[in-house]
Amino acid sequence: MRLAPNPSGPLHIGHTRMAILNDEYVKRYGGKLIVRMEDTNPPTVYPEAYEMICQDLDWLEVKYHEVVNQSSRFEIYYEYAEKILAAGHGYMCSCESEGWRKMKDESRECPHRNTDPEVNVGIWKRMLAHEFQPHEISMVVKTDINHPNPAVRDFVAMRQVEEPHPLTGTKYKIYPLYNFSVAIDDHLMGMTHVLRGKDHLNNTIRQEYVYDHMDWKKPVFLHYGWVSIEDTVLSTRQIKAAIANGEYSGWDDCRLGTVAALARRGIAPGAIRQYWKDVGTKAVDIRFSWENLYAMNRDIIDADAVRLFFVRDPVEKRIIGIDRLQSSALLHPGLPDMGTREVVLEGDMRVFLTAEDAEGLEPGKILRLKDLGNVEIVDEHELRYVGNDLNVLKKGAKIVHWVGPNSVETTVHMPDGTSIAGIAEKAALDYIGKVAQFERFGFVKLDSADGGGIVAFFTNK
RNA sequence: GCUCCCAUAGUGUAGACCGGCCAAUCAUUCUAGCCUUUCGAGCUAGGGACUCGGGUUCGAAUCCCGAUGGGAGCACCA
């Protein structure tokens, strides 16, 4: 089987379906998975993409056995173009493209369609020798000019491109077009199964003509449905432009739907795999559900995510009635073996609560500071320590999280581009690079830390 | 316009090929409760769907036809 990305940019969430599904088939039924870079249109090739795509696949845990660039196979396409012409299954056409298309629409043969094969081969050799200008001539594969579907009638297979290719420069100027190179490569590389999106349905029909012309055995073609992904920027061209003008920090900007961004945000590759396995290969058009992906992600990351306190919109309170308090909280209540995080309040008896918790506290009421102790509300600024008896919870005391004075400024960047500022407990510094759960807030990827504090990306609830 | 693909709960998905065991599966979401020093996890209960109309049949989610709706292609892009 194969993955055939266009190296115009790195992979995004939409691309991961073909990667995961093909990989999953190979892992289940055996065989080889070839990554074939479809780089036969120089203007759209983004040189860095070759490497980025492989990194994305590695991150996704897609096991490919080989990477091939179509740009290394020009001679092969030339050879088969000549074979097709010689067999009378193609022709050299110098029609102006618009007129040619119109004739096809009307099921009319163009004047070149019945040129003798030998003459065609002769013209083809002259084309290869660059005796023509781009657009002046092209090589066309015959299908059926009377095919009921106009989209299937005769298609251009080879054309000339002057723009240098990032990998091969101007050594080759005669480029194959998609349907031609794909049919040839799929056969030559021994594909038994071609699993791709439904948007290729008509391409499959066209490619089958090449198989028939060459008398090749066809692979099994499978087409899965269209996926609509909302609320996410995916367009490679748009992203590229926005990175260039500084609007996005890079391909892994957490607002984007690229694989790199999801990785940086703390989405586990296993969640993406599970999601696509769940969706399967049906030909129905579906809406991508971030919600479902997040649910699967939560399942995976929950076990490894340490629990930490993060206080957004902090409000300062002073604890009176005691000089020293020590908190020892489990890093993961479900997995006590992960250990604890310790906080000592001594001398400076301030704590910070989130504004939401700190609002409307009625004097006299008891509040439980999670894993620290119980306090009675004195007034807007002070809390009196009243012991550590958990039974207050049964009496209806509210429980809140908090951080002490010795904590770290933290900014959490949300996927919608907003960011939330707050304070995280100091232990967060020990988990930079990991996914943690900010209690009562959500899972975050602790991205980096410097003098200014911690930068985190919101993963999901 | 032409050609093609598709149609089960909010979102996905099983069942459809080989009609009955389907008053329709599972996941997620939602609601209520339990548990819990998180609004996380877990547990319990509940809500929620076969697009419509014909036909075949003793019997249709399943087969056939039509309508409607959604999507794709009609490039010297991939």
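All chains are named by letter (A, B, ...) in the order of the sequence lines, taking the proteins before the strands, and each is independently numbered beginning at 1. Remember, it's a predicted structure, so these values are computed and weren't measured experimentally. Below, each value reflects all heavy atoms present in this structure, side chains not excepted, and no hydrogens, waters or symmetry copies.
Across B:C6 and B:U29, the matching C1' atoms stand 25 Å from one another, rounded to whole Å. To the nearest whole angstrom, the two P atoms, one in B:C5 and one in B:C63, are 15 Å apart. A distance of about 25 Å separates the C1' atoms of B:C17 and B:A9, rounded to the whole Å. Taking atom P in both B:U44 and B:U8, the straight-line distance is 29 Å, to the nearest Å. Between the C1' atoms of B:C50 and B:A23, the separation comes to 12 Å (whole Å). Spacing between B:A49 and B:G10 at atom P, rounded to whole Å, works out to 7 Å. When the C1' atom is compared between B:G19 and B:A61, the two are found 10 Å apart, to the nearest whole Å. For the C1' atoms, the distance from B:A75 to B:U57 is 50 Å, rounded to whole Å.
Taking atom CD of A:E291 as the reference point, atom P of B:G10 lies 13 Å away to the nearest angstrom. Straight-line distance from the NZ atom of A:K461 to the P atom of B:U29: 12 Å, rounded to whole Å. Here the C1' atom of nucleotide B:A78 and the CG atom of A:D199 are 9 Å apart, to the nearest Å. The separation between A:L330 atom CG and B:A41 atom C1' is 14 Å, rounded to whole Å. Regarding A:K398, its NZ atom lies at a distance of 13 Å from the C1' atom of B:U38, rounded to whole Å. In this structure, A:N202 places its CG atom 13 Å from C1' of B:A75, rounding to the nearest Å. Between the P atom of B:A75 and the CD atom of A:Q160 lies a distance of 22 Å, rounded to the nearest Å. One can place CD1 of A:I229 at 16 Å from P of B:U11, the figure rounded to the nearest angstrom.
Using a 4.0 Å heavy-atom cutoff across all strands shown, A:H200 reaches at least one base atom of the nucleic acid. Looking at heavy-atom distances under 4.0 Å, A:D371 makes contact with a base. As judged by a 4.0 angstrom heavy-atom cut-off over every strand, A:D302 is placed among residues touching the sugar-phosphate backbone only. Nucleic acid contact for A:F443: sugar-phosphate only, since backbone atoms but no base atoms lie under 4.0 Å from a heavy atom of the residue. Here A:P150 lies in heavy-atom contact (under 4.0 Å) with a base. At a threshold of 4.0 angstrom between heavy atoms, the contacts of A:R287 are confined to the sugar-phosphate backbone, with no base atom among them. Residue contacts shown for A:I399 include a base, since a base heavy atom lies under 4.0 Å away. Note on A:T40: only backbone sugar-phosphate atoms sit closer than 4.0 angstrom, heavy atoms only; bases stay farther off. Across all strands, A:N203 comes closer than 4.0 Å to base atoms (heavy-atom distances). Residue contacts for A:Q437: at a heavy-atom cut-off of 4.0 Å it reaches a base atom on one of the strands shown.
Put simply, the side chain of A:R307 and the base of B:U38 share a donor and an acceptor less than 3.5 Å apart. For A:D285 against B:G70, a side-chain-to-base donor-acceptor contact under 3.5 Å is present. For A:D278 against B:U13, no side-chain N or O and base N or O form a donor-acceptor pair under 3.5 Å.
Between A:K218 and A:D212 there is a salt bridge, since at least one side-chain N of the basic residue sits less than 4.0 Å from a carboxylate O of the acidic one.
A:F74 and A:Y77 have perpendicular rings, their planes meeting at more than 60° on a 0 to 90° scale where under 30° would count as parallel. Relative orientation of the A:W290 and A:F288 rings is perpendicular, given thresholds of 30° and 60° on the angle between their planes. Between A:Y78 and A:W124, the two ring planes are perpendicular [angle over 60°; tilted spans 30° to 60°]. Classified by interplanar angle (parallel below 30°, tilted 30° to 60°, perpendicular above 60°), the ring pair A:F309/A:H401 is tilted.
Positionally, the nearest nucleotide of RNA chain B for A:P333 lies more toward the 5' end than for the other of A:S138 and A:P333. Along RNA chain B, the nucleotide nearest A:R153 and the nucleotide nearest A:M158 are compared for position; the residue whose nucleotide lies closer to the 5' end is A:R153.
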For residues 7-18 of chain A, please give each side-chain donor-acceptor pair under 3.5 Å, one per line with the distance, not counting sequence neighbours.
residue : atom : partner : partner atom : Å
A:H12   : ND1  : A:G14   : N            : 2.9
A:H15   : ND1  : A:H12   : N            : 2.9
A:T16   : OG1  : A:I13   : O            : 2.5
A:T16   : OG1  : A:W276  : NE1          : 2.7
A:R17   : NH1  : A:G225  : O            : 3.2
A:R17   : NH2  : A:G280  : O            : 2.8

Side chains of residues 154-163 of chain A: which donor-acceptor partners sit under 3.5 Å, not counting sequence neighbours?
residue : atom : partner : partner atom : Å
A:D154  : OD1  : A:R113  : NH2          : 3.1
A:D154  : OD1  : A:T143  : N            : 2.8
A:D154  : OD2  : A:Y91   : OH           : 2.7
A:D154  : OD2  : A:R113  : NE           : 2.7
A:R159  : NH1  : A:T40   : O            : 3.2
A:R159  : NH1  : A:P176  : O            : 3.4
A:R159  : NH2  : A:N41   : OD1          : 2.8
A:Q160  : NE2  : A:F132  : O            : 3.3
A:Q160  : NE2  : A:E162  : OE2          : 2.8
A:E162  : OE1  : A:K173  : NZ           : 3.3

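For A:Y178, the side-chain atoms get nearest to B:A78 when compared with the rest of B:A14, B:U29, B:A78. Picking from B:U13, B:A41, B:C74 the nucleotide with the shortest atom distance to the side chain of A:R298 gives B:A41. The side chain of A:V279 has B:U13 as its nearest neighbour among B:U38, B:C4, B:U13. Of the candidate nucleotides B:G10, B:A78, B:C6, B:C6 has the atom nearest to the side chain of A:K198. Nearest nucleotide to the side chain of A:A151, out of B:U11, B:U37, B:G73: B:G73. Taking every side-chain heavy atom of A:L390 into account, B:U37 is the closest of B:U37, B:A14, B:C6. Here the side chain of A:K370 is nearest to one of B:G71, B:G10, B:U37, namely B:U37. You'll find that the side chain of A:N149 is closest to B:U3, out of B:C77, B:U3, B:U13.
Between A:E342 and A:T340, the side chains place a donor N or O and an acceptor N or O closer than 3.5 Å (distance only, hydrogens not considered).
A:Y46 carries A:K240 over the face of its six-membered ring, with the cationic atom under 6.0 Å from the centre and within 45° of the normal.
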Tell me, what's RNA chain B's dot-bracket, Watson-Crick or G-U with both distances under 3.5 Å, | for other-strand, [ ] crossing?
(((((((..(((.......[.....))).(((((.......)))))....(((((..]....))))))))))))....
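Contact detail for A:M191 and A:P219: the closest heavy-atom pair is O-CB, 3.5 Å.
Taking the six-membered ring wherever Trp is involved, the centroid distance between the rings of A:H200 and A:Y178 falls below 6.0 Å.
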